[in-house]
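Everything below concerns the one structure shown next.
All ligand and atom numbering here is 1-based and tracks the order in the structure. Just so we're clear, the structure is a prediction, and the values are computed from it rather than from any experiment.
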Amino acid sequence: MNMHNKSRIAALAPPGHDSASLMRDFRHYFNHTLGRDHYQRTPHYEFLALAMTLRDRLMEGINNTRHSYEHYESRRVCYLSMEYLLGRSLRNAAMNLDLDAELETALEQLGLDEEELIEQEHDAGLGNGGLGRLAACFLDSCATLGLPVIGYGIRYQYGMFRQKIVDGYQVEEPDPWLRGGHPWEIERSEYEQRIHFGGRVERYLDENGRSHARWVDTHDVLAVPFDIPVPGYRNGTVNTLRLWSALATDELDLDEFNAGSYTEAVAARTAAENITMVLYPNDASENGKELRLRQQFFLASASLKDVFRQWVNRHGENFDQFAEKHCFQLNDTHPSIAVAELMRLLIDVHGLEWDDAWKITGNCMAYTNHTLLPEALERWPVRLFGQLLPRVLEIIGEINNRFVAEIAARWPGDVKRRERMAIIEDGAEPMVRMAHLAIVGSYSVNGVAELHSRLLKEGLFRDFHELWPTRMNNKTNGVTQRRWLRACNPGLSKLITASIGDGWVTDLDELGKLAPLARDAAFRESWHSVKQANKHRIIELVRQGCGIELYADAIFDVQVKRMHEYKRQLLNVLHVIHLLQRIHRGDTADWTPRCVLIGGKAAPGYFMAKLTIKLINSVARVVDSDPRTRGLLRLVFLPNYNVSTMETICPGCDLSEQISTAGKEASGTGNMKFMINGALTIGTLDGANIEIRDAVGADNFFLCGMTAEEVVQMRRQYDPKAIVAADDDLREVMEVLQSGQFNQSEPGIFDPIIDSILSPHDAWMTAADFASFVAAQRRVATSFRDRERWTEMSILNTAASGRFSSDRTIREYNRDIWRLEPVTSGAGADYQP
Ligand code: 26W
């Protein structure tokens with residue numbers, strides 16, 4: 001390290017953690033930095049001043065933590081992800097810094113309402129759904145475990161779109177989340193990197209006569225990092241999330257389109273800066289846009305160059321220890337171009353031989369797969385790749401040649417296998433298969449739930465599993481209980497802590513101690529009243545968001561997640577229509593009042609998902625305007641479902657809907673958030689549902705639907721029309737749908753949905769699971785009427801949820817893949833700067 005130029009700027013005393021210091025800093029930021037005065041109430045600026053006050057405390061930690069990692073020369077993990085769904089940070093920062101009590105005092109004395117300020121913060125929605133939120137939970141767990149993990153991502157100017165509902169249809173609006181200022185980030189221009197695109201490859205001989213490649217005539221874009229602090233829970237560690245923003249270089253392209261035109265050349269800078277303009281709102285279906293490939297390379301190249309900058313600073317051009325000191329965890333294939341870019345940097349820029357570079361690459365890349373859906377597997381046209389990244393494509397070509405030769409040697413004459421496994425898929429339009437690149441270039445490949453990992457080994461990645469039987473492994477997902485219980489459900493947190501202590505906050509298995517209390521009537525009563533209070537928060541949310549009145553005594557039956565056919569929101573609506581039928585025919589003896597809440601965003605180009613939103617809204621309107629349903633049934637579509645709404649929804653949920661077609665949902669993580677908060681699950685044997693059911697016991701879980709094996713079996717001769725004909729309930733439901741009762745002013749709009757249910761090619765097999773789902777819902781309704789038994793089951797669910805902490809998941813990643821030493825930072829650390 002460059003220590004000789006020690007700056008003469010003295011270190012300040014660390015900022016105080018008492019309420020007086022907090023108040024002083026708050027006033028300073030509000031009045032001096034932000035220039036606001038106390039004559040007008042400006043909650044937005046009050047929020048900013050508070051965030052800046054906390055940021056100072058985070059900066060202290062981020063620097064201490066970085067110094068500790070450098071001092072110990074720690075091995076470290078770079079988590080590469082195109083998505084981080086962080087949500088809000090204020091409450092989390094205050095909690096993890098152990099400032100919540102002092103802050104409460106300070107805000108009270110300042111006459112400020114904490115909840116109101118918290119509401120001012122815009123969600124950081126830099127992700128689509130499960131994969132992005134998982135990345136955010138992982139960062140929290142890594143910091144809490146003191147692991148040297150840095151997150152790398154993209155600083156999109158526009159995050160996930162805002163969803164409006166107009167006439168029952170989804171309408172997308174941009175999400176300019178940075179407007180009004182983003183107080184948690186620090187720009188670090190000193191670490192900017194140059195990223196190459198386009199150009200061509202040139203060969204040259206060095207002084208020893210060795211041939212090398214040079215990528216020339218490139219169009220460069222600058223990558224500027226912005227650091228977001230990631231505090232661990234009260235342990236002094238503050239890790240870094242480094243997000244890259246695109247910036248045009250100062251060289252103007254005067255020769256090409258803009259010859260002689262200075263102003264147009266300046267205006268053309270926007271093309272470069274567009275790279276990080278917007279998050280692609282697709283989950284689960286790749287649309288092959290060039291800009292997306294640019295984003296992926298931009299992330300991979302900038303992050304690797306950032307790592308090389310630090311490495312060369314310390315070790316010069318010696319890469320012997322590089323793989324020992326680094327692991328790059330690829331969050332799905334989106335950043336997997338890093339495999340080829342790492343090779344390029346080692347060979348072209350740092351002069352290593354192919355074999356040495358390949359050994360390093362294969363020893364530091366690790367890949368996580370998040371989906372089995374074939375339409376979500378990324379493939380890029382070789383042609384596009386060649387235009388955009390000619391040198392990177394050459395390297396992929398060489399990796400492919402060597403890999404195919406290895407297959408040919410191992411299975412001589414097995415041409416089919418060679419074709420199946422190749423990284424470059426032949427055909428009229430040859431394609432780069434990113435998953436194959438990721439597998440071939442990594443020492444670990446993992447799925448995200450036991451079933452999912454097994455299906456990967458037996459199906460999608462079977463050939464690779466045969467070739468490298470130890471490479472594939474499972475890491476069942478988890479969620480952070482700090483955000484998903486402690487912060488979002490203060491009522492339940494207090495009750496739990498009062499009963500078993502607060503060890504669960506960093507060791508979720510401690511919740512097991514609640515199990516005996518499930519038999520304690522007084523405890524059940526307290527548990528029930530917390531749930532009721534949380535349901536009132538949902539009632540308020542729904543009142544404000546959709547103007548519908550829910551019933552606190554009804555069962556809150558919730559399905560919130562991305563809109564997708566495989567997740568089968570449709571099956572849920574069919575059940576609601578069935579309940580409506582029962583009400584109409586007077587079949588309401590022993591009725592359990594039910595409020596069904598559905599929320600989620602559809603990819604803007606996903607017709608069926610958007611039509612399902614329309615159907616939910618149409619059925620909701622019919623239910624709401626029918627006086628016979630009063631007090632018995634409500635259906636609402638919650639607009640703009642995001643991290644912050646989940647923080648209000650999961651504490652008040654009674655029944656968690658996890659009803660994907662078996663074999664399709666890799667894991668699910670919403671299922672875990674609901675379980676931790678004491679909801680019961682109605683679900684298929686899919687993803688992590690299986691492990692949830694194993695943990696809580698079959699008696700405390702409502703199982704429905706076919707198994708993954710049965711789905712495969714039935715697909716061979718699937719006959720939904722016969723199923724409908726044989727099932728009175730389903731037939732009636734289909735008849736009302738066909739009657740146009742829900743779309744009287746828009747005849748025929750739901751025909752595509754009706755057709756899909758009745759099609760023998762319906763991949764999601766909604767009709768096949770209808771009867772089983774309705775039967776399971778009957779058992780739910782009956783159980784809910786026995787309040788004591790239901791509450792007992794609710795407690796047992798929370799008690800059994802310990803395994804679904806992302807702390808457990810990260811410990812497993814660390815044990816099997818990362819092998820990092822935890823580092824203590826800040827107060828109590830051995831090392832003091
Ligand atoms: C290329 C377009 C695209 C974008 C995102 C394809 C696929 C994705 C993600 C893989 C979708 C996703 O979020 N998958 C979810 O990952 C969660 C975390 O592992 C799992 O819990 C969910 O089951 C899985 O659907």
>> Under a 4.0 angstrom heavy-atom cut-off, which atoms of ligand 1 come close to Ala666?
In response: 23 (O)

> Salt-bridged, Arg482 to Asp140, with N to O below 4.0 Å?
Replying inline: yes

>> Side chain, backbone, both or neither: which applies to Arg562 and ligand 1 if a contact is any heavy-atom pair less than 4.0 Å apart?
In response: neither

>> How long is the straight-line distance from CG of Asn572 back to CD1 of Ile659, given to the nearest 0.5 Å?
In response: 5.0 Å

> Quick one: nearest non-hydrogen protein atom to atom 6 (C) of ligand 1, plus distance?
Replying inline: Ala284 N, 3.2 Å

>> Regarding Thr276 and Trp244, do their side chains bring together a donor and an acceptor under 3.5 Å, going by distance alone?
In response: no

>> Checking the N or O distance criterion of under 3.5 Å, is ligand 1 in contact with His334?
In response: no

>> Taking the basic N atoms (NZ, or NE/NH1/NH2) and the acidic carboxylate oxygens, is any pair closer than 4.0 Å for Glu450 and Arg693?
In response: no

>> Among all the protein's non-hydrogen atoms, which is closest to atom 22 (C) of ligand 1, and how far away is it?
In response: Glu665 OE1, 3.4 Å

>> Can you name the atoms of ligand 1, numbered from 1 with element, that are less than 4.0 Å from a heavy atom of Asp332?
In response: 10 (C)

> Atom NE2 of His436 and atom CZ of Phe461: how far apart are they, to the nearest 0.5 Å?
Replying inline: 6.5 Å

> Looking at atom 1 (C) of ligand 1, what's its closest protein heavy atom, distance included?
Replying inline: Glu286 OE1, 2.7 Å

> Between Asp283 and ligand 1, is there a nitrogen or oxygen pair with a distance under 3.5 Å?
Replying inline: no

> Do any nitrogen or oxygen atoms of Thr371 come within less than 3.5 Å of a nitrogen or oxygen of ligand 1?
Replying inline: no

> Between Asn477 and ligand 1, which residue portion shows a heavy-atom distance shorter than 4.0 Å: side chain, backbone, both, or neither?
Replying inline: side chain

>> Is it the case that over 12 heavy atoms from other parts of the model lie below 6.0 angstrom from the CZ atom of Arg462?
In response: no

> Taking it one step at a time, do Glu425 and Arg433 satisfy salt bridge (Lys or Arg N to Asp or Glu O under 4.0 Å)?
Replying inline: CA-CA 7 Å; Glu425 180 186 327; Arg433 295 162 164 157; 3.2 Å; yes

> Among all protein non-hydrogen atoms, which one is nearest to atom 9 (C) of ligand 1, and what is the separation to 0.1 Å?
Replying inline: Leu131 CD1, 4.1 Å

> What distance separates Tyr641 OH from Met160 CE, expressed to the nearest 0.5 Å?
Replying inline: 12.0 Å

>> Are any of the N/O atoms on Glu378, whether in the backbone or the side chain, positioned under 3.5 angstrom from an N/O atom of ligand 1?
In response: no

> What protein heavy atom is closest to atom 21 (O) of ligand 1, reported as residue, atom name and distance in Å?
Replying inline: Gly668 N, 2.8 Å

> Within a reach of under 6.0 Å around CZ of Arg379, are more than 12 heavy atoms found that belong to other residues, nucleotides or ligands?
Replying inline: no

> Considering only protein heavy atoms, which is closest to atom 4 (C) of ligand 1, and at what distance to one decimal place?
Replying inline: Asn282 O, 3.2 Å

> Just distances here: any N/O of Lys567 and N/O of ligand 1 closer than 3.5 Å?
Replying inline: no

> Tell me: protein heavy atom nearest atom 14 (N) of ligand 1, and distance?
Replying inline: His370 O, 3.6 Å

> Under 3.5 Å, is there a donor-acceptor pair linking the side chains of His564 and Asp283?
Replying inline: no

>> Within the 4.0 Å heavy-atom shell around Tyr566, which atoms of ligand 1 are there?
In response: 25 (O)

> Out of Gln559, Gln777, Lys567, Gln569, which one pairs with Glu657 under the side chain to side chain donor-acceptor pair (under 3.5 Å) rule?
Replying inline: Gln777

